[in-house]
Each structure stands twice: as structure tokens, then as C-alpha cells.
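Following: one structure in C-alpha cells, then a few remarks.
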Amino acid sequence: MRLKLDTDCPLNLDFTLCCGQTFRWDKQGEWWYGVVKGRACKLRQVENTLEGVNVEFGFIKEYLGLDDDLPKIFAQINKDENMDSAIKAFSGLKILRQEPWECLISYICATYKNILAIKRMLHELSKKFGNKTVFEERNFYTFPTAKKLANASIDDLAKCGLGYRAKYVSETAKMIHRAGFDFECLKRLPYDEAKRELLHFPGVGLKVADCVLLFSLGKTEAFPVDVWVKRVIMRCYKGHFPKEFAEKISGKKSLTDVEYAKLSKFGRDYFGKYAGYAQEYLYHYERTKT
DNA sequence: CAAGTGCCTTTATC
DNA sequence: AGATAAAGGCACT
């Protein structure tokens with residue numbers, strides 16, 4: 001697969017795949033290797049050309065959000081100097097449309113872990129419960145199915161480094177394996193309703209739900225608030241909140257649901273329909289700032 | 001080098 | 001309602 005990219009709409013594959021929204025892509029030389037749709041593949045970007053091996057154009061186009069009109073999105077979210085700097089620094093970072101099941105389990109595992117540890121957990125999980133597939137003489141593993149994880153023992157899941165998250169993964173996998181779950185249907189629901197559905201799964205709170213909505217269900221208004229986003233909001237947008245509230249949450253390590261909802265709603269109200277893009281740029285900006 | 005801190009938080013309990 | 005503690009384990013300081 002080879003695709004000439006529209007020069008008016010920037011793409012930066014490196015930013016997109018390494019910014020912490022997805023955990024199973026690995027860069028070797030100039031190629032990014034990953035497993036999507038049960039298939040190992042590789043991608044690379046050479047200036048304005050995107051090349052893929054063992055992957056379909058239609059899927060990649062959706063996966064990488066190539067239809068998202070970045071100039072239009074930037075025009076909407078670029079409300080101040082902070083956002084302007086973040087956009088300048090990471091222009092071309094796209095919000096992915098990941099596979100929802102994998103995204104859900106990934107973010108249940110991601111709670112209170114750092115990115116390195118999350119990558120390791122998901123690799124171990126795939127290695128133990130996914131299917132091996134060989135690509136360019138290297139072993140890759142598909143992401144485990146709901147059935148596989150539903151039938152796994154808590155102990156075996158925990159051995160992948162999940163710790164107390166093993167129980168949540170197991171219970172969520174069982175719910176989905178037993179009753180099935182239509183993620184496509186969620187894509188068509190409004191943000192609030194889709195979020196309410198996701199919150200039924202054990203291990204899914206407000207933050208995890210927002211991540212799944214943003215990174216796999218196309219809800220670009222979702223504004224996940226993790227420690228880094230809380231930090232950047234307190235650094236750059238403190239004035240938008242009552243002084244007492246700002247002081248209070250600045251000093252704590254975790255947020256209550258009410259506090260979370262206030263920060264997340266600020267993001268949606270202030271940045272608009274593409275608040276999720278603003279979130280990811282700010283997140284990456286805050287994390288890489290010296 | 002030990003001990004403490006922090007990590008893309010949720011849940012149980014008060 | 002709202003605060004607080006507990007829950008892997010590993011990297012980093």
C-alpha cells in the first residue's frame with residue numbers, strides 16, 4: 001500500500017503512534033510494526049508518502065484518522081498561546097480509531113500505570129493469550145479475544161503484570177463473551193449515552209471511558225483527564241476555575257468523579273467538538289516539556 | 001543502596 | 001455526598 005498524503009492536511013506517523021494513545025506499535029528502523037485486524041503489518045512515512053505492508057488502505061485510512069481535517073480542527077481548538085505552542089510542536093499528530101475491544105481492555109489495564117509498564121502488560125497478555133503470527137520472520141501476537149480472556153484464570157492474567165486489574169479484565173471479558181457487545185452501536189450514540197454504556201464494565205471509570213470513546217469510537221469531544229492533563233490545566237488554565245477548587249485539586253493525587261467531571265467539561269466547553277484533539281496535544285506537550 | 005515516589009485510576013468503605 | 005484508603009509492580013531518584 002502506498003498513499004500520497006494531502007499536503008494541506010499534515011500527518012506525523014511518529015507522533016501519532018508514540019504519543020501514548022496506543023501501546024502495541026513498535027518502531028524498528030524507519031518502519032512501525034504492529035498487529036491490527038488480527039494481522040501483523042508495518043507502516044512508514046517518508047515525507048508526504050505513507051507506505052504500508054500487509055495492511056489495507058481502507059482500514060488504515062480510518063485507523064489513522066486521515067479524514068480528520070487538521071487545519072479545520074486546529075482553527076477550532078487554537079484558543080490561546082498554550083494551545084498554539086502545542087499545535088506547533090506536534091502538528092500531524094492524529095487521534096486514532098483503534099479497535100474498540102483492544103482499546104477497552106488496554107485502558108482498563110492502563111489505570112495507575114506508566115506507559116512503559118502498560119506496553120509490557122499488553123505484550124505479555126497478547127503473547128500468552130493471543131495467536132502467534134509470523135511476519136518477516138518475526139513473531140507477532142494478535143490481541144486476545146474476549147473468549148480467551150474470559151476463560152483465563154485471574155492468576156494467569158495477573159502474571160502478565162496486571163496485578164489487581166486482572167479481576168476487572170476477567171469480569172469485563174466475561175460480560176462481553178457471554179452477552180456479546182456491539183461497539184459499532186456505541187459509535188452511533190451521542191457521547192453521553194455511549195459513555196454511560198461503557199461505565200457498566202468493571203474497571204471502567206470516567207477516565208477510562210473517555211479514553212475508549214476518544215481513541216476507538218470517534219468521539220472527538222471526549223476529554224480524558226489524567227494526572228498530566230490535570231497538571232497542564234492547572235498550569236495553563238487555572239484562571240478558569242474558582243481559586244478554592246484549583247487549590248484543592250492541585251494538591252491531590254487523585255480526583256473525585258465530581259472533580260473529574262468539572263475538568264473534563266471545561267475541556268469540552270472551552271475547546272469544542274474537537275476537545276479530544278486539544279487534550280492529546282496538551283498531554284503530549286506537558287509530558288515532553290523539559 | 002534503601003526507601004520513597006509516581007504512574008494516562010477504580011472501587012470499597014467509611 | 002464526599003473523602004479516604006487500598007490495590008501490582010516497576011522505574012526512577
Side-chain angles (χ1 to χ4, degrees), chain A residues 15-25 86 90 93 95-96 98 102-125 128 152-173 175 195-196 198-217 219 222-235 242 244-245 247-264 267 275-290:
Chain A
F15 291 153
T16 302
L17 295 180
C18 86
C19 69
Q21 55 176 323
T22 184
F23 305 102
R24 270 168 34 85
W25 287 93
F90 300 113
L93 190 166
I95 297 292
L96 298 171
Q98 301 180 49
E102 176 170 347
C103 190
L104 174 65
I105 296 301
S106 297
Y107 278 93
I108 289 176
C109 291
T111 63
Y112 209 52
K113 278 278 186 188
N114 58 47
I115 291 177
L116 195 66
I118 299 163
K119 286 183 172 175
R120 202 157 26 213
M121 278 191 290
L122 296 175
H123 176 72
E124 289 303 312
L125 209 58
K128 194 174 281 186
S153 74
I154 303 283
D155 205 42
D156 285 340
L157 292 172
K159 277 186 198 140
C160 297
L162 303 201
Y164 63 88
R165 301 162 193 81
K167 187 171 46 134
Y168 304 140
V169 167
S170 172
E171 287 171 7
T172 295
M175 281 168 70
K195 188 168 185 175
R196 201 178 317 142
L198 290 174
L199 290 172
H200 290 133
F201 293 115
V204 178
L206 297 177
K207 196 279 181 173
V208 171
D210 274 331
C211 286
V212 176
L213 289 165
L214 179 60
F215 301 133
S216 73
L217 298 173
K219 302 298 177 201
F223 193 86
V225 180
D226 71 320
V227 286
W228 295 96
V229 173
K230 187 192 95 173
R231 216 169 273 162
V232 73
I233 291 177
M234 284 303 108
R235 194 166 62 80
E244 199 180 74
F245 176 79
E247 298 287 317
K248 189 167 147 200
I249 65 165
S250 294
K252 3 200 297 188
K253 57 222 170 298
S254 64
L255 299 170
T256 65
D257 281 0
V258 174
E259 290 161 349
Y260 178 97
K262 282 182 182 163
L263 293 179
S264 185
Y277 263 95
Q279 187 271 2
E280 203 55 19
Y281 276 73
L282 289 173
Y283 170 77
H284 203 47
Y285 189 61
E286 187 70 9
R287 276 177 57 92
T288 54
K289 163 174 91 70
T290 46

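Chain letters run A, B, ... following the sequence lines, proteins first and then strands; every chain starts at 1.
Distance, A:Tyr107 OH to B:dT9 C1': 13 Å, rounded to whole Å. The interatomic distance linking A:Glu259 (CD) with B:dT9 (P) rounds to 15 Å, in whole Å. Look at CD on A:Glu286: it is 11 Å from P on B:dC7, rounded to the nearest Å. Between A:Ile115 atom CD1 and B:dC8 atom C1' there is a gap of 7 Å when expressed in whole angstrom units. Summarising the geometry, the separation between NZ on A:Lys253 and P on C:dA5 is reported as 7 Å, rounded to the nearest angstrom. To the nearest angstrom, C1' of C:dG2 lies 12 Å from NZ of A:Lys262. When the P atom of B:dC8 is taken as reference, atom CD of A:Gln21 falls 15 Å away, rounded to whole Å. Atom CE of A:Met121 and atom P of C:dG9 are 12 Å apart (whole Å).
Counting any heavy atom pair closer than 4.0 Å across all strands shown, A:Gly161 reaches no nucleic acid atom. At a threshold of 4.0 angstrom between heavy atoms, the contacts of A:Cys19 include nucleobase atoms, whether or not backbone atoms are also involved. Nucleic acid contact for A:Tyr283: base, since at least one base atom lies under 4.0 Å from a heavy atom of the residue. In this structure, A:Glu280 reaches the bases: a heavy-atom distance under 4.0 Å links it to at least one base atom across the strands shown. Among the protein residues, A:Lys248 comes within range of the sugar-phosphate backbone only, with heavy atoms under 4.0 Å from sugar or phosphate atoms but none that close to a base. A:Leu206 comes within contact range of the sugar-phosphate backbone alone, with a heavy-atom separation under 4.0 Å but no base atom that close. A:Ala117 comes within 4.0 angstrom of no nucleic acid atom, judged by non-hydrogen atoms across all strands. Among the heavy atoms of the strands lying under 4.0 Å from A:Arg165 is at least one base atom, whether or not backbone atoms are also near. Among the protein residues, A:Val229 comes within range of no part of the nucleic acid, since none of its heavy atoms lies under 4.0 Å from any strand. Within 4.0 Å of A:Val225, counting heavy atoms only, lies no atom of the nucleic acid at all.
Atom-to-atom distance recorded for A:Ile108:CD1 and A:Met121:CE is 11.5 Å, nearest 0.5 angstrom. Once rounded to the nearest 0.5 Å, the distance linking CZ of A:Phe90 with OH of A:Tyr281 reads 9.5 Å. Taken from CG in A:Leu263 to CG in A:Leu206, the straight-line distance is 11.5 Å, to the nearest 0.5 Å.
B:dA12 and C:dG8 have their P atoms separated by 13 Å, with the value rounded to a whole Å. Separating the P atom of C:dA5 from that of B:dT5 is a span of 14 Å, rounded to the nearest Å. Nucleotides B:dC8 and C:dT13 have their P atoms positioned 14 Å apart, rounded to a whole Å. C:dA3 and B:dC7: their C1' atoms are spaced 22 Å apart (whole Å).
Of the charged side-chain nitrogens involved, none lies within less than 4.0 Å of a carboxylate oxygen, so that A:Lys207 and A:Asp226 do not count as a salt-bridged pair.
Base-pair partner of C:dA5: B:dT11 (Watson-Crick or G-U wobble, both distances under 3.5 Å).
Look at C:dG8: its glycosidic torsion is within 90° of 0, and that puts it in the syn range.
Take the nearest nucleotide of DNA chain C for A:Leu116 and for A:Tyr112: the residue whose nucleotide is more 5' is A:Tyr112. Each of A:Leu199 and A:Gln279 has a nearest nucleotide on DNA chain B; the 5'-most of these lies closest to A:Gln279.
Within 6.0 Å of the NZ atom in A:Lys252, the count of heavy atoms belonging to other residues, nucleotides or ligands exceeds 12.
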*Test A:Lys230 against A:Glu259 for side-chain contact (heavy atoms from CB on, under 4.5 Å), laying out the working first.*
CA-CA 10 Å; A:Lys230 187 192 95 173; A:Glu259 290 161 349; over 6 Å; no

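A distance-only check finds no donor-acceptor pair linking the side chain of A:Tyr283 to the backbone of A:Trp228 [under 3.5 Å].
Contact between the side-chain N/O atoms of A:Arg287 and the OP1/OP2 oxygens of B:dC8 is found at a separation under 4.0 Å.
Taking every side-chain heavy atom of A:Val227 into account, B:dT9 is the closest of C:dG9, C:dT4, B:dT9. Checking B:dT10, C:dA11, C:dG2 against every side-chain atom of A:Arg120, the shortest atom distance belongs to C:dA11. Distance from the side chain of A:Thr256 is smallest for C:dA3 among the nucleotides C:dA3, B:dC8, B:dT9. For A:Arg231, taking side-chain heavy atoms from C-beta onward, the closest of the listed nucleotides B:dC7, B:dT10, B:dC8 is B:dC7. In this structure, the nucleotide among C:dA7, B:dC8, B:dC7 sitting nearest to the side chain of A:Phe215 is B:dC8.
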